[in-house]
Asker: 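Here it is: the structure, laid out below.
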Amino acid sequence: MASNQSALIAAPNVQDGIEYWNTQPASYDGVLGGYGEGTLPRIDALGSRLFLLHLYPDLSTIPSSIRPLQPQLPPRTRALDVGAGIGRVTSDVLLHLVSDVVLLEPVEAFVHEALARCRASTSSEPPQKGQPPWKGIADGTKSVTILQGTLQEFDPFNPHRVTFLDRIGYQSPRSFDEINMGFDVIWCQWCLGHLSDADLVVFLRRSHAALREKEKGKSVIIVKENLCQNKEDGSACTVFDEQDSSLTRSDMAWKSIFKEAGLRLVMEKVQEGFPDGLYVVKMLAFLFILIGCVH
């Protein structure tokens, strides 16, 4: 059930949010609010990779104290990147660690830019816009499946209400079997503010259902989002941004929603190294628990 505070806060409007982002350039600078040309993209990507590796050391591709490599061929791993913009997290984080990525984005210009960048990576030549090729696409060892649609209508385990644009790179001999295969990692970054509290709980529960090895604790949902301050008494706070029709939630507001969705927090870390003047950005990783169970 949504909190009393949620009833007093304006709810995000899907179309208003899409219309705002349609006015922004389909570039790193556009999706990062003017911070795409500095150090922020690299710092963000490195922080995300380290966070994911700490949670899931089996994804390491080099021998280390975290995970000595085994000689046998590792299984293919799958990640879902939602609200993916032009594919920045897919290219700079996920393809460095997993085999196959499904990318979901609702904004027309952004998703088609992601599609163009990924298709350009099938060549060994760098893409024309100066971005490095997406890892594993040219040699066919990794794949990206690109979908267009909103989080409100998307079910990760049954993705039939969104539009399939292309699968690029590795081609599975039985690709239709992958539709209900689920994911090892579901990555949500700078997009969940476009969901109301009620829609967010529904999306998180759907995401849990799509985790491949949740019973073994080996698949995770990762949320990386801006945080506003809690209220002075330490209670949850939510701020509505009319410009892009989104919500910025405080730490307590996020954790209240995650608890309602039945998620157990297993790791959290503030992203360091960002420019002054920005919201605090926190990474949080979750497993699923049965409501009412004690762990």
Side-chain angles (χ1 to χ4, degrees), residues 9-45 47-48 80-95 101-121 127-132 134 144 146-154 162-163 165-166 187-196 199-200 203 223-228 238-249 271 273-283:
I9 301 293
N13 180 282
V14 179
Q15 196 55 45
D16 287 350
I18 290 174
E19 288 178 4
Y20 167 79
W21 286 110
N22 271 325
T23 68
Q24 304 304 304
S27 64
Y28 274 34
D29 217 35
V31 298
L32 292 174
Y35 287 91
E37 302 298 326
T39 60
L40 187 147
R42 179 171 174 79
I43 291 171
D44 176 65
S48 296
L80 172 64
D81 179 12
V82 299
I86 63 172
R88 186 185 64 86
V89 170
T90 290
S91 64
D92 295 354
V93 179
L94 298 174
L95 283 175
V101 179
V102 175
L103 179 160
L104 175 75
E105 169 57 39
V107 177
E108 183 89 8
F110 289 178
V111 74
H112 283 280
E113 177 66 16
L115 181 63
R117 289 176 181 237
C118 192
R119 284 175 173 168
S121 298
Q128 294 181 356
K129 297 187 178 181
Q131 296 296 327
W134 291 15
V144 176
I146 298 180
L147 307 176
Q148 183 174 3
T150 67
L151 289 173
Q152 286 85 349
E153 63 188 353
F154 181 64
V162 296
T163 302
L165 297 183
D166 202 357
W187 193 280
C188 316
Q189 181 166 354
W190 288 327
C191 62
L192 299 185
H194 289 285
L195 295 176
S196 68
D199 285 342
L200 180 51
F203 171 74
V223 171
K224 189 169 186 178
E225 289 283 353
N226 295 341
L227 271 65
C228 62
T238 301
V239 178
F240 179 71
D241 187 336
E242 293 185 1
Q243 184 179 40
D244 65 354
S245 190
S246 70
L247 299 173
T248 301
R249 299 175 170 98
Q271 172 68 62
F274 279 2
D276 294 335
L278 300 180
Y279 278 117
V280 171
V281 175
K282 182 177 275 192
M283 296 173 279

Asker: Might you point out which heavy atoms bring Trp134 and Thr90 nearest each other, and give the distance in Å?
Answerer: CZ3-CG2, 4.0 Å

Asker: Say whether, by atom type as modelled, one donor and one acceptor occur between the side chain of Asp81 and the main chain of Ala84 under 3.5 angstrom.
Answerer: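 No; judged by distance alone, with no hydrogens or angles, the pair does not exist.
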
Asker: How far apart are the C-alpha atoms of Leu151 and Leu104, what are their side-chain angles, what is the distance that settles it, and do they pass the side-chain contact (heavy atoms from CB on, under 4.5 Å) test?
Answerer: CA-CA 8 Å; Leu151 289 173; Leu104 175 75; 4.0 Å; yes

Asker: Once you round to the nearest 0.5 Å, how far does OG of Ser246 lie from CG of Asn226?
Answerer: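 Rounded to the nearest 0.5 Å, the OG-CG separation comes out at 8.5 Å.
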
Asker: Can you give me the closest heavy-atom contact between Arg249 and Leu192, atom names plus distance?
Answerer: NH1-O, 3.3 Å

Asker: Taking all non-hydrogen atoms of both residues into account, name the closest pair between Leu227 and Thr248 and its distance.
Answerer: C-CG2, 4.2 Å

Asker: Aromatic rings Phe274 and Trp190: how do their planes relate, parallel, tilted or perpendicular, breaks at 30° and 60°?
Answerer: tilted

Asker: side-chain contact (heavy atoms from CB on, under 4.5 Å) for Trp21 and His194? Distances and angles first, verdict last.
Answerer: CA-CA 11 Å; Trp21 286 110; His194 289 285; 3.2 Å; yes

Asker: Going from CD on Glu19 to CG on Asp244, what distance comes out if it is rounded to the nearest 0.5 angstrom?
Answerer: 12.5 Å

Asker: Do Asp241 and Tyr20 make a side-chain contact, defined as non-hydrogen atoms from C-beta onward lying under 4.5 Å apart?
Answerer: no

Asker: Please check this pair: side chain of Glu225 against backbone of Cys191, looking for a donor-acceptor N/O pair closer than 3.5 Å.
Answerer: yes

Asker: To check you understand the geometry: which heavy-atom pair defines the closest contact between Leu115 and Ile146, and what is its length?
Answerer: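 That closest heavy-atom pairing would be CA-CD1, 3.4 Å.
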
Asker: Return the minimal non-hydrogen interatomic distance between Leu32 and Pro41, and the atom names on each side.
Answerer: CD1-CG, 3.6 Å

Asker: Which distance, rounded to the nearest 0.5 Å, do you find between the CG of Leu80 and the CH2 of Trp187?
Answerer: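 With rounding to 0.5 Å, CG (Leu80) is 12.5 Å from CH2 (Trp187).
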
Asker: With rounding to the nearest 0.5 Å, note down the distance linking OG in Ser196 to CG in Leu247.
Answerer: 8.0 Å

Asker: What residue among Thr163, Val102, Val82 forms side chain to side chain contact (heavy atoms under 4.5 Å, CB included) with Leu147?
Answerer: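 The single option meeting the side chain to side chain contact (heavy atoms under 4.5 Å, CB included) with Leu147 is Val102.
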
Asker: Output the distance between atom CD1 (Ile86) and atom OG (Ser91), rounded to the nearest 0.5 Å.
Answerer: 7.5 Å

Asker: Taking atom types as modelled, find out whether Tyr28 and Asp92 have a side-chain donor-acceptor pair closer than 3.5 angstrom.
Answerer: yes

Asker: If you compare all heavy atoms of Arg88 against all heavy atoms of Gln189, which two are closest, and at what distance to 0.1 Å?
Answerer: NH2-NE2, 3.5 Å

Asker: Which value, rounded to the nearest 0.5 Å, describes the distance between Asp199 atom CG and Glu153 atom CD?
Answerer: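 Atom-to-atom, Asp199:CG and Glu153:CD are 11.5 Å apart.
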
Asker: Taking Lys224 for its side chain and Gln271 for its backbone only, find out whether a donor-acceptor pair lies under 3.5 Å.
Answerer: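 No; judged by distance alone, with no hydrogens or angles, the pair does not exist.
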
